[in-house]
Amino acid sequence: MLAFILRRLLQSVGVLLAVGLIAFAMFRFAGDPVNQLVAPDTPYAERLQIRQSLGLDDPVLVQFARYAGNAVRGQFGNSYQFRQPVSTLLAERMPATLELALCATLFALTAGILMGVYSALHRDSVGAKLLQAVSLVGVSLPTFLIGILLIFLFSVTLGWLPSYGRGDTVRIGWWTTGFLTASGWKALILPSITLGLFQMTLIMRLVRAEMLEVLRTDYIRFARARGLTTRSIHFGHALKNTLVPVITVAGLQLGSIIAFSIITETVFQWPGMGLLFVQAVQNVDVPIMAAYLLLVALIFVTINLVVDLLYTIVDPRLRLSVRRAA
C-alpha cells in the first residue's frame with residue numbers, strides 16, 4: 001500500500017510541474033506585465049527599472065525556478081488589478097467557493113443516489129419514469145440558464161430567496177462562513193442547486209444503470225437463494241458494489257464543481273474564486289489566472305489520490321491487486 005501511495009504521489013508531482021509550466025508560460029505570452037502596472041505615458045526608463053525589479057530580465061530558466069519556488073510556498077506575486085498578493089486574494093475568496101462546492105456536492109450525492117436507487121428498484125413505476133424525465137432536463141439545460149430560471153421563480157416572482165451575494169457571514173480566524181447565519185443559508189440554496197443539478201442527474205443515471213447491472217449478477221441470485229431479506233440484498237450487497245464507479249464520478253465531479261463554479265458564481269455574484277477569475281480574465285490579471293490554474297490542478301490531483309485510496313477500501317479485489325503489484 002505504501003508503494004502504491006508513493007507512486008501516486010510521484011505522478012501527482014509530475015502533473016503539478018506540467019501545470020506550473022503552463023501557468024508560467026501564461027506570464028510570458030499573455031502580454032507584458034509592466035503595461036498592467038504603469039500608465040500608458042510612463043517613460044521607458046521607469047518601465048525598464050520596473051522590469052528589473054520584477055526580475056523579468058533574468059533568463060527563462062531562472063524565472064521559472066523562482067516562480068516554482070514561490071508557488072511551493074504559496075506565493076504567486078501581486079495582482080495587477082487589486083495591487084495585493086494573489087495568495088491573500090485567493091485566501092479571502094476560498095471559503096465562499098469551498099462552502100458552495102460542499103453544499104452542491106452533498107446535494108448532488110444525496111439526491112442522486114436516492115433517486116438512482118429508487119428508479120432502479122422501481123424501474124417500471126410512474127415515479128421512476130418521472131425521475132428519468134427530470135434527469136434529461138437537468139443534463140440538457142446549461143448552468144447559466146438554470147440559474148436564471150431559479151432566480152426568476154424564487155427571487156423575482158415568489159421573493160423567497162436572495163438572487164445574489166453570500167448573505168451575512170461570520171469570521172472564524174481567517175475563515176468566513178455563512179453556515180452560522182440564516183441569510184447565509186438562504187443565499188446558499190439557489191447557487192448550490194444550480195451548481196449541483198448537472199452532477200445530481202449524472203450520479204442518478206449512473207447509480208440506476210450500475211444498480212440494475214448488479215441486481216442481475218449471480219451473487220445477488222445466490223443471496224436471494226440463501227433467504228436474505230430484500231432490504232439486505234438491495235442495500236447491503238447491491239448498493240455497496242454500485243458505489244465503486246460512483247466514487248470515481250463523485251470525486252472527479254467535486255473537482256469539476258470547484259473548477260467550473262465560475263458560471264454559477266458569475267450568475268449569482270457569489271464572492272468566490274470563480275468570480276475573481278472572471279474579473280482577472282477581463283483585466284488580463286495573469287498572476288490570478290495562473291494561481292487559479294495551479295490551485296485547480298492541485299485540487300484535482302488530491303481528489304484523484306483520495307479516490308484511488310477509497311477504491312481499496314470499498315472493493316477488496318483492488319486491495320489484493322495492490323498488494324500483488326507491490
| E265 and T97: side chain to side chain donor-acceptor pair (under 3.5 Å), yes or no, with the steps? | CA-CA 8 Å; E265 291 187 7; T97 297; 2.9 Å; yes

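- For S192, the side chain to side chain contact (heavy atoms under 4.5 Å, CB included) partners two or more places apart in sequence, or in a different chain, are L100, C103, L188.
- Not one N or O on the side chain of W160 forms a donor-acceptor pair closer than 3.5 Å with the backbone of S155.
- At distances below 3.5 Å, at least one donor-acceptor pair connects side-chain atoms of W185 with backbone N or O atoms of F179.
- Residues Y292 and F277 place their aromatic rings such that the two centres sit under 6.0 Å apart.
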| task | For L295 and M94, run side-chain contact (heavy atoms from CB on, under 4.5 Å): C-alpha distance rounded to whole Å, both residues' side-chain angles, the deciding distance at 0.1 Å, then the answer. | result | CA-CA 10 Å; L295 182 61; M94 187 180 298; 4.0 Å; yes

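- Counting only distance, with no hydrogens or angles, the side chain of T181 and the backbone of G184 share a donor-acceptor pair below 3.5 Å.
- Residues W175 and L180 fall into different hydrophobic clusters, defined by Ile, Leu, Val, Met, Phe, Trp and Tyr side chains chained together at heavy-atom separations under 4.5 Å.
- With hydrogens and angles ignored, the 3.5 Å screen pairs no side-chain donor or acceptor of T157 with any backbone N or O of F154.
- Taking 4.5 Å as the limit, some side-chain heavy atom of M204 sits within range of a side-chain heavy atom of S119.
- You'll find the side chain of T264 stays beyond 4.5 Å of the side chain of W270, heavy atoms only.
- Side-chain polar atoms of T177 and E99 form a donor-acceptor pair below 3.5 angstrom.
- Listed by chain and residue number, nothing satisfies the side chain to side chain donor-acceptor pair (under 3.5 Å) test with E210 (two or more places apart in sequence, or in another chain).
- Between the side chain of T201 and the main chain of F198, a donor-acceptor pair closer than 3.5 Å is present.
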Expected list for residues 141-151: side-chain donor-acceptor pairs under 3.5 angstrom, two or more places apart:
none

| query | side-chain contact (heavy atoms from CB on, under 4.5 Å) between Q269 and L275: does it pass, once the steps are laid out? | reply | CA-CA 7 Å; Q269 287 299 290; L275 184 59; 4.0 Å; yes

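- Other residues, nucleotides and ligands contribute only 12 or fewer heavy atoms inside 6.0 Å of the CZ atom of F152.
- Using a 3.5 Å distance cut-off with no hydrogens or angles, the side chains of S183 and R166 do not pair a donor with an acceptor.
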